[in-house]
Number of protein chains: 2
Amino acid sequence: MPRLERETRKKRPFDLPQQAVVLNVLRDNELFQHRFGQLFREYGLTQPQYNALRILRGEGGPLPCLEVASRMIAVVPAITRLLDKLEARDLITKRQDAGDRRVWNVAITSKGLNLLAKLDKPLLDMYRALCGHMTKTECNQLVKLLEKARQRITPESPESS
Amino acid sequence: MPRLERETRKKRPFDLPQQAVVLNVLRDNELFQHRFGQLFREYGLTQPQYNALRILRGEGGPLPCLEVASRMIAVVPAITRLLDKLEARDLITKRQDAGDRRVWNVAITSKGLNLLAKLDKPLLDMYRALCGHMTKTECNQLVKLLEKARQRITPESPESS
DNA sequence: TGGATATACTTTACATATCAACTATTTACA
DNA sequence: TGTAAATAGTTGATATGTAAAGTATATCCA
């Protein structure tokens, strides 16, 4: 019996190889997310909060709220509340755009940058702890296949099927 | 620039191949979950609700609440509410165990089975729509690598590091 | 046999995902 | 110009993930 079916004590085999792909992705994700969630919480963050901050750090400057949302594959209303909470903790700033007053630009603060910096090393350690038993070649191969697996799905607008 | 970094407009390359693995798993999962969530909602279910029902159908008989939780990698309090809601909709039954009165056994009802049956074909279509461009060989290889990737993580008790 | 411990949940509280509906502002165009 | 449509974001309601604390029952063991 393949591994996932044994782990979940599933009685029926997979109907399709594609089904096995999807369910195994979901499974790995659950396990990974659980660990990362624990780490982030030690630093007073949740995963989505961390993601938003990391996007802003990577950008290096202000971004419109919806741009942050699209990079996170977050549904729009979720971003409003998430960013509001980060702003309330002074981890980001949120300012109305001068040119288009519908737009609110958010940027990471130095307090936010400091918090992220504290997480950099523990995160690298976590990556190694979770997947350090895989060789670089295996990792690259797995990444390539994961890229191909999501090829048919538009990343920018998940709702456009 | 590797694909995920371009998709998310990330400016820095990955520090580790293991990091790329984890982040690509999270990415595929987000995209997959989004699509499946939409499908389930058309049938009045959420993903966790569907999972619980599928576990009970697969089992073919009653299971203790916590057994359902462990197969879903759900934290315990979440299961209580989820199962209560399914019971309120008559999709499952929940009965106190005669031998051990701490235990509540849940089982899927015929109404629950009918609902799941309606989803079987759309789900197979979805698997094909998402990953149908991958060959069987690629799927199997990807599954093997995903299994290896989670090898170090105990599936039964995610909290036991 | 009785008290400490373990087990199987439940309850509460807070954060996020999701949809639907709404506000404010801008753009397109007749 | 002025009205319809599009865009950017907010608000409200329901469901789940998570931790912490509580309840009921069972088990261990001195």
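Protein chains get the first letters and strands the later ones, always in sequence-line order, with residue 1 at the start of each.
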Quick one: Tyr43(A) OH to dA19(D) P, roughly how many Å, whole number? 17 Å

Find the distance Phe40(A):CZ to dT16(C):C1' and express it as a whole number of Å. 15 Å

Please determine whether a side-chain nitrogen or oxygen atom of Thr46(A) lies at a distance below 4.0 Å from atom OP1 or OP2 of dT16(C). yes

In whole angstroms, the gap separating C1' of dT16(D) from CG of Leu86(B) amounts to 12 Å

Quick one: Gln38(A) CD to dA19(D) P, roughly how many Å, whole number? 6 Å

Could you say whether Val75(A) or Gln96(A) is positioned toward the 5' end of DNA chain C, judged by the nucleotide with the nearest heavy atom to each? Val75(A)

Find the distance Arg101(B):CZ to dT7(C):C1' and express it as a whole number of Å. 15 Å

Measure up the Tyr127(B) and Phe36(B) rings against each other and bin them: parallel (under 30°), tilted (30 to 60°), perpendicular (over 60°). tilted

Whole-Å distance separating the CD atom of Gln47(B) from the C1' atom of dA15(D): 12 Å

Between Asp125(A) and Arg128(A) (salt bridge meaning N to carboxylate O under 4.0 Å), is one present in this structure? yes

Under a 3.5 Å threshold, yes or no: a donor from one side chain and an acceptor from the other, between Arg27(A) and Asn24(A)? no

In whole angstroms, the gap separating P of dC9(C) from CD of Glu87(B) amounts to 13 Å

Gln49(B) side chain, from C-beta outward: closest of dA15(C), dT18(D), dA15(D): dA15(D)

Figure out the CG/P separation between Leu39(B) and dA17(C), and round it to whole Å. 21 Å

Measuring only between side-chain heavy atoms, which start at C-beta, is Lys94(A) closer than 4.5 Å to Asn105(A)? no

Whether each nucleotide of nucleotides 5-11 of chain D has a protein heavy atom under 4.0 Å at its base (B), only at its sugar-phosphate (S) or at neither (-) is summarised, 5' to 3', as -BBSSBB

Distance below 4.0 Å between Lys85(B) side-chain N/O and dT14(D) OP1 or OP2: no

Is there a side-chain contact between Pro48(A) and Met72(A), using heavy atoms and a 4.5 Å cut-off? yes

Are Asp97(A) and Arg101(A) ion-paired here, with the side-chain N under 4.0 Å from a carboxylate O? no

Could you pull out all residues at least two apart from Phe32(A) that satisfy ring-ring contact (aromatic ring centres under 6.0 Å, His included)? none

